[in-house]
Amino acid sequence: MTLGSHCSLQVLKGAKDEGFKTLLVCEEKRCDMYKRFKFIDSIVPVKNFEEIIDADFQTDLVESFNPILIPHGTLISTLDMAAIESIKIPIFGNKWILRWESDRVLKQQLMNESDLRSPVQLASKNEINGLCIVKLHGAAGGKGYFLVTNKKEFEEQAQKLVESKTIKSEKDLFIQKYANGVPVYLQYFYSPISNELELLGIDRRYETDIDAIGRIPSKYQLSSIIEPSYTVVGNIPIVLRESLLPEVYDMGERFVKASKKLVPPGMPGPFCIEGVYDNTAKFTAFEFSARIVAGTNLFVSGSPYSDLLYDVPMSMGRRISLEIKRARELSKIRLITT
Ligand code: AMP
């Protein structure tokens, strides 16, 4: 079971391929679109996704379908963490770690424990000196991020966000040194059943307007007022130089270890480390996602990495269902749900 958005098609297709019945909780306005896909066995319409925190709604779903909820970015951006943690339907993965993804202070703590090189965080606007990126809390897909080089620019931009009621005050913003390099999103799956980490795909995001600005000659860039915003509109596949893979696995292993220590039971299932490679091939991680990311939608029929591990097309969605199947066979479902 999942919510109709983000990566639900891939998740449910994968579940079907592994022999499960599939259930989609879907906003009424999108039901017609999802009905096009025959691998979705049941669609439960809702006015909005907040309805799923209703206890009776959950009880009905459990009695009718006995589902496992696969969390994704829309669940996190729609519901607050307390609401997600209160859900009684079993959630695939570790629901407690989702709070660590959405709270920037906790997020940084887990990244530090994982020994991931990350951009310098500025404690206050007074420290801004050189190119910085300013972020909002939560999984907003880069929406509303902006660049500044000094305190005055920060105050001007922050004021606009306060006026548009996007934020309450400047304190809701989070300032990082800009990490220059090419973006790379590493899609992992950790199985607590086999105690193995898999790299299943790599992508980069296609972000507007930052990826649009390069299409305009520089003299027009300078005279235009296009903000370098980071709103994700899609994803592009990437294959890394093979010599970079040992470090990629090391980073993933360190993340799995750190999450077991800081947020038991750790990081069962999909996660993603997100960052940039600079011109010395050094990786700087600016984020992680502690659940399936939408970039995995590229690999419905497998990826150059999953093809090396599996003889059948293994999307991240399908890998989740394979893990559920194995856990059931071994009576270890508690290892992979919270
Ligand atoms: P996030 O929501 O943190 O994944 O970031 C959205 C986008 O902002 C990323 O895909 C990057 O393009 C960009 N970004 C985030 N943090 C940084 C950083 N510290 N330096 C450079 N670019 C960043």
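As the structure lists them, so they are numbered: ligands from 1, and atoms in each ligand from 1.
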So Phe271 and Phe255, would you call those rings parallel, tilted or perpendicular, with 30° and 60° as cut-offs?
-> parallel
Interfacing atoms of ligand 1 (cut-off 4.0 Å, heavy-atom, Glu274) = 4 (O)
Please output the side-chain donor-acceptor pairs of residues 327-338 that fall under 3.5 Å, not counting sequence neighbours, one pair per line with the distance.
unit_1 : atom_1 : unit_2 : atom_2 : d
Thr337 : OG1    : Ile333 : O      : 3.0
Thr338 : OG1    : Gly93  : O      : 2.9
Thr338 : OG1    : Lys95  : N      : 2.8

Dump the intermediate steps for salt bridge (charged side-chain N to carboxylate O under 4.0 Å, His left out) on Glu156 and Lys160, then the final yes or no.
-> CA-CA 7 Å; Glu156 283 166 7; Lys160 282 189 207 158; over 6 Å; no
Between Lys135 and ligand 1, which residue portion shows a heavy-atom distance shorter than 4.0 Å: side chain, backbone, both, or neither?
-> side chain
Is Phe286 touching ligand 1 with its side chain, its backbone, both, or neither, if touching means heavy atoms under 4.0 Å apart?
-> side chain
Just distance, no hydrogens or angles: give the donor-acceptor pairs under 3.5 Å from side chains in residues 46-55, sequence neighbours left out.
unit_1 : atom_1 : unit_2 : atom_2 : d
Asn48  : OD1    : Glu50  : N      : 3.3
Glu51  : OE2    : Lys47  : N      : 2.7
Asp54  : OD2    : Asp56  : N      : 3.2
Asp54  : OD2    : Phe57  : N      : 2.9

Numbered atoms of ligand 1 (with element) below 4.0 Å of Pro119, judged on heavy atoms = 19 (N)
Report yes or no: does Lys177 have a heavy atom closer than 4.0 Å to ligand 1?
-> yes
Between Gln176 and ligand 1, is there a nitrogen or oxygen pair with a distance under 3.5 Å?
-> yes
Among Tyr230, Tyr185, Phe288, closest by heavy atom to atom 10 (O) of ligand 1 is Tyr185
State, without any angle test, whether Tyr190 and Asn195 hold a side-chain donor-acceptor pair at a distance under 3.5 Å.
-> yes
Over-ring placement of Lys107 relative to Phe288, 6.0 Å and 45° cut-offs = yes
Using distance alone, determine whether Glu287 and ligand 1 share an N or O pair under 3.5 Å.
-> yes
